[in-house]
Number of protein chains: 2
Amino acid sequence: MESVWKAVADDSRREILMLLRKRKMTPSEMTEHFHFTAPALSSHLRILKSADLVTEEKLGKNRYYSLNEKKSLEVVNFFEKMWGYNLNSLKEYLENKERKKGHE
Amino acid sequence: MESVWKAVADDSRREILMLLRKRKMTPSEMTEHFHFTAPALSSHLRILKSADLVTEEKLGKNRYYSLNEKKSLEVVNFFEKMWGYNLNSLKEYLENKERKKGHE
DNA sequence: TAAACAATTAAATAATTGTTTAATTATTAT
DNA sequence: ATAATAATTAAACAATTATTTAATTGTTTA
């Protein structure tokens, strides 16, 4: 199990995660959005999978990768714990953002 | 300006951040808690400072490092945006955790 | 079964990152 | 001024990580 921290530290991997926000996707589809080669992509996907940030689904000769949202929550949780702000301040922050959003 | 992602990817640096949660501290004080040498610590602190995760305060021959909580919120914010879960699910999650805590 | 395609693994190399010892800067106290 | 302390920077080295080309595995379709 790879560290989630190292997994998200790489720019390319964060781009991959961002791309997967929209929908599940095969590596071939992904390479159209990026500059790097198939093996490089494959290596990044293995790291993301090992960190449990994405899941893999085999369908014939294709493999679909999708975001693992459950894990993402854990990461936010760690950040929250790490910096020790109390839950209320985080909730307030989020509510504030939500209010702002409503005004746009 | 160093990437906040690379700054938190390193185990030692996350330990330093955890230590700083309690109170501001000088490098000499920190080395008592860790295995690594002063220059190694200094190098980590420079990276954390450059990522804006800690701030530095000079007082005579000492330098006090403390956590920059503002930046921490931004990081959580990014995670939240990155994984695109809606704010409600995050709030629910936090409320759940809070409830659990009350039961302990 | 042979050709084509999707994706991975392997091996080699390039690039980045982290740690160490030694030297340096800056500040305080004698 | 000089010695002592706090912390940093510099230079060298070690370790890790990322990228490439080439070879391999598994699946579909003609």
Side-chain angles (χ1 to χ4, degrees), chain A residues 1-20 22-68 71 75 82, chain B residues 1-20 22-68 71 75 82:
Chain A
M1 178 70 79
E2 177 97 18
S3 151
V4 72
W5 299 100
K6 278 182 187 158
V8 299
D10 183 83
D11 295 344
S12 303
R13 286 197 286 271
R14 285 202 312 287
E15 282 180 41
I16 291 169
L17 290 172
M18 285 300 247
L19 187 61
L20 287 177
K22 299 179 190 174
R23 60 176 174 84
K24 65 175 63 171
M25 221 176 262
T26 64
S28 330
E29 288 178 290
M30 291 183 211
T31 40
E32 288 169 27
H33 292 83
F34 300 122
H35 42 290
F36 44 68
T37 60
L41 177 59
S42 186
S43 153
H44 286 310
L45 286 172
R46 199 182 48 189
I47 289 165
L48 289 171
K49 197 174 61 180
S50 161
D52 204 24
L53 285 168
V54 303
T55 55
E56 192 192 45
E57 221 178 326
K58 279 186 79 168
L59 260 130
K61 64 180 169 180
N62 297 305
R63 296 191 187 195
Y64 286 89
Y65 287 91
S66 42
L67 217 52
N68 180 2
K71 186 66 176 186
V75 177
M82 178 131 174
Chain B
M1 179 69 80
E2 178 95 17
S3 151
V4 72
W5 301 99
K6 280 183 186 156
V8 298
D10 183 83
D11 295 345
S12 304
R13 285 196 287 270
R14 286 202 311 287
E15 282 180 40
I16 292 169
L17 290 172
M18 285 301 245
L19 186 62
L20 286 177
K22 300 180 188 171
R23 59 177 174 83
K24 64 176 66 171
M25 218 176 265
T26 64
S28 329
E29 287 178 290
M30 293 182 210
T31 42
E32 288 169 28
H33 293 81
F34 300 120
H35 41 293
F36 42 68
T37 59
L41 177 59
S42 185
S43 153
H44 287 310
L45 286 172
R46 199 181 49 187
I47 288 163
L48 290 171
K49 197 175 61 179
S50 162
D52 204 24
L53 286 166
V54 304
T55 55
E56 193 192 43
E57 222 178 325
K58 281 188 76 171
L59 259 129
K61 63 181 170 181
N62 297 304
R63 295 191 187 197
Y64 286 89
Y65 286 92
S66 42
L67 217 51
N68 180 2
K71 186 67 176 187
V75 176
M82 178 129 174

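Here is the naming used below: chain letters follow the sequence lines, and residue numbers restart at 1 for every chain. None of these values were measured; they are calculated from a predicted model.
A heavy-atom distance below 4.5 Å is not found between the side chains of B:D52 and B:V4. Taking the side chain as every heavy atom from C-beta outward, B:L17 and B:L67 approach each other to under 4.5 Å. Side-chain contact check for B:L20 versus B:M30: some heavy-atom pair is nearer than 4.5 Å. Using a 4.5 Å heavy-atom threshold, the side chains of A:L41 and A:Y65 count as separate. In this structure, the side chains of B:R23 and B:E29 come closer than 4.5 Å at one or more pairs of heavy atoms.
Across the protein-nucleic acid pair, A:R63 atom CZ and D:dT27 atom C1' stand 11 Å apart, rounded to whole Å. If you measure from atom NE2 of A:H35 to atom P of D:dT19, you get 7 Å, rounded to the nearest angstrom. Atom-to-atom, CD1 of A:I16 to C1' of D:dA18 comes out at 12 Å; the value is rounded to the nearest Å. Spacing between atom NZ of B:K61 and atom C1' of D:dT8 amounts to 15 Å, rounded to whole angstrom units. Rounded to a whole Å, the CZ atom of A:F36 is 18 Å from the P atom of D:dT17. Atoms OH (B:Y64) and P (C:dT27) sit 16 Å apart, rounded to a whole Å. For the pair B:R13 CZ and D:dT16 P, the interatomic distance rounds to 15 Å; values are reported in whole Å. Atom CG of B:L59 and atom P of C:dA26 are 18 Å apart (whole Å).
Remark on DNA chain D: of its neighbouring residues B:L41 and A:S12, the 5'-side contact belongs to B:L41, judged by nearest-heavy-atom nucleotide.
Taking only side-chain atoms of A:K58, from C-beta outward, the nucleotide of C:dT17, D:dA18, D:dT27 with the closest atom is D:dT27. Residue B:A38 places its side chain closer to D:dT8 than to any other of D:dT8, C:dA6, C:dT19. Listed nucleotides: C:dT9, C:dT20, C:dG18. Nearest to the side chain of B:P39: C:dT20. Taking the side chain of B:E56 as heavy atoms from C-beta on, and the options D:dT8, C:dT17, C:dT8, the nearest nucleotide is D:dT8. The A:S43 side chain lies nearest to D:dT19 when the options are D:dT9, D:dT19, D:dA6. Closest to the B:T37 side chain, of the nucleotides C:dT9, C:dG18, C:dT20, is C:dT20. Considering only side-chain atoms of A:I47, the nucleotide from D:dA6, D:dT8, D:dA18 that sits closest is D:dA18. You'll find that the side chain of A:D10 is closest to D:dA18, out of D:dA18, C:dT8, C:dT27.
With rounding to the nearest 0.5 Å, the separation of CD1 in A:I16 from CG in A:L45 is 5.0 Å. Here the CG-CD distance, from A:L19 to A:E32, works out to 10.0 Å after rounding to the nearest 0.5 Å.
Regarding contacts with the backbone of C:dT8, a side-chain N or O of A:Y65 is found under 4.0 angstrom from either OP1 or OP2. Applying the 4.0 Å criterion to OP1 and OP2 of C:dT17, one finds that B:H44 has every side-chain N and O outside that range.
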Strand DNA chain D in bracket notation, Watson-Crick/G-U under 3.5 Å with | for pairs to another chain: ||||||||||||||||||||||||||||||

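A:A7 and A:R13 get closest at one heavy-atom pair: O-NE, 2.7 Å.
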